[in-house]
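Below is one structure, written out as structure tokens, with a few remarks after it.
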Protein chains: 2
Amino acid sequence: MDLVAMISHKETIVQALKDKGLRVTPQRFAVYANLLSRQDHPTVDQLLQDLNQELPVSSQATIYTSLQALQAAGLVREVLLEPGVTRYDANVDRHHHFRCRCCGAIEDVPWTAFRELNLDHVRAGLHADAYEVTVYGVCDRCQ
Amino acid sequence: MDLVAMISHKETIVQALKDKGLRVTPQRFAVYANLLSRQDHPTVDQLLQDLNQELPVSSQATIYTSLQALQAAGLVREVLLEPGVTRYDANVDRHHHFRCRCCGAIEDVPWTAFRELNLDHVRAGLHADAYEVTVYGVCDRCQ
DNA sequence: CTTTGTGCAAACGATTTGCAGGATG
DNA sequence: CATCCTGCAAATCGTTTGCACAAAG
């Protein structure tokens with residue numbers, strides 16, 4: 001990414017935060033920008049390691065509260081695929097997940113990988129309005 | 001359920017444990033029988049409350065280890081739909097889940113509610129061999 | 001200047017573990 | 001009787017909270 005693109009990317013992130021009524025602080029920006037830049041679905045601890053690798057950027061408690069704010073604003077989403085571990089995903093467009101049963105890696109699966117499901121037959125009386133598919137298997141590295 | 005059915009039900013559970021090479025202890029039996037009898041997907045704490053309601057049956061630590069053993073044997077399964085909460089399900093046949101966004105209730109959705117998905121287009125290189133659908137909405141009681 | 005965010009450390013809740021005694025095959 | 005299980009309490013891990021100070025609008 002060239003300099004101009006980087007600056008405009010930064011502006012896009014700032015704007016996204018402002019649009020949701022969130023104050024733009026260095027910590028919030030760092031958390032959201034980091035999440036946006038990653039393909040995986042890091043835990044709070046992985047975010048903490050990554051953000052503070054060079055120099056201290058944010059404390060653990062602030063990462064938790066930043067994620068709460070970002071989630072309430074609809075900019076990030078939780079991913080729950082292992083007991084006791086909450087992962088975060090900056091991709092809030094609808095999509096599915098793949099989980100490697102061997103190494104635990106999690107990867108996004110595009111919404112278009114499956115034909116749309118019909119929720120009418122879930123059960124009468126329920127207002128089912130959304131869904132997602134979790135796929136299990138073995139990833140390339142583990143075979 | 002009449003007496004004969006109850007006894008044969010008990011024998012079925014004992015046999016299931018034995019078949020998996022598990023020792024049949026009162027605690028393990030109680031945990032598994034309780035899970036089999038419920039429609040919901042209890043947490044460890046809910047199991048603990050329920051089992052020890054009348055008289056003490058099992059300690060918390062033993063419920064944890066029993067569930068581990070039952071899970072390793074393939075008799076029960078974890079259900080992860082809320083952060084920090086692990087629920088358990090004795091239904092190990094393939095099925096989907098519904099989660100009420102209002103009260104958090106979880107309910108099984110029969111496998112046949114959807115037509116079979118084709119996993120061929122998940123991503124080249126992945127060996128995808130299983131999946132399940134999580135449906136979100138509002139349950140009858142919450143409307 | 002008022003409101004909201006940050007960092008630290010303590011608190012908390014769920015789960016795991018070490019160990020001594022007890023039950024199972 | 002050797003092995004595995006149970007219960008208790010302490011330890012651990014992820015997350016939340018209280019509070020004093022700092023930054024944002």
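Note: hydrogens, waters and symmetry copies are ignored here, and every other heavy atom, side chains too, is used. The sequence lines fix the lettering, A, B, ..., with proteins before strands; numbering per chain opens at 1. Keep in mind the model is a prediction, meaning the values are calculated, not measured.
- The backbone N or O of B/Thr43 lies less than 3.5 Å from a partner atom in the side chain of B/Gln46, making a donor-acceptor pair.
- The nearest whole Å value for the distance from the OH atom in B/Tyr32 to the P atom in D/dC5 is 17 Å.
- Closest to the B/Ser59 side chain, of the nucleotides D/dC5, D/dT15, D/dC8, is D/dC8.
- Note: CZ (B/Arg87) to P (C/dT15) measures 11 Å, nearest angstrom.
- Between the P atom of D/dG7 and the CZ atom of B/Arg28 lies a distance of 12 Å, rounded to the nearest Å.
- Residues B/Val109 and B/His95 form no side-chain contact, since every pair of their non-hydrogen atoms from C-beta on lies 4.5 Å or further apart.
- Listed nucleotides D/dC5, D/dG7, D/dT16 differ in distance to A/Gln68; the shortest reach to its side chain belongs to D/dT16.
- When only modelled atom types and interatomic distance are considered, A/His127 and B/Asp140 share no side-chain donor-acceptor pair under 3.5 Å.
- Following rounding to the nearest Å, B/Gln46 (CD) and C/dT15 (P) show an atom-to-atom distance of 11 Å.
- At least one side-chain nitrogen or oxygen of B/Thr25 sits closer than 4.0 Å to the OP1 or OP2 atom of D/dT6.
- Atoms CG (A/Leu48) and P (D/dG14) sit 11 Å apart, rounded to a whole Å.
- Counting any heavy atom pair closer than 4.0 Å across all strands shown, A/Thr43 reaches no nucleic acid atom.
- Taking 4.0 angstrom as the limit, B/Tyr64 places none of its side-chain polar atoms (N or O) nearer than this to OP1 or OP2 of C/dT16.
- Proximity note for A/Thr65 (side chain, C-beta onward) versus C/dT6, C/dT24, D/dG7: the nearest is C/dT6.
- A donor-acceptor contact closer than 3.5 angstrom is absent between the side chains of A/Thr62 and A/Thr65.
- Put simply, CD on A/Glu82 is 15 Å from C1' on C/dT15, counting in whole angstrom units.
- Ranked by how close their nearest DNA chain C nucleotide is to the 5' end, B/Leu22 and B/Asp45 are led by B/Asp45.
- Listed nucleotides: D/dA24, D/dG7, C/dT24. Nearest to the side chain of B/Arg23: C/dT24.
- We find that NZ of A/Lys18 is positioned 7 Å from P of D/dG25, with the value rounded to whole Å.
- Counting only heavy atoms from C-beta outward, the side chains of A/His97 and B/Tyr131 never approach each other to under 4.5 Å.
- The side chain of B/Gln60 sits closest to C/dT15 out of D/dG7, C/dT15, D/dT15.
- When rounded to the nearest whole Å, the span between CD of B/Glu78 and P of C/dA14 equals 16 Å.
- As judged by a 4.0 angstrom heavy-atom cut-off over every strand, B/Val24 is placed among residues touching the sugar-phosphate backbone only.
- Here A/Ser58 reaches the OP1 or OP2 of C/dG7: one of its side-chain N or O atoms lies under 4.0 Å away.
- Proximity of A/Thr62 to the phosphate of C/dG7: a side-chain N or O atom is located under 4.0 Å from OP1 or OP2.
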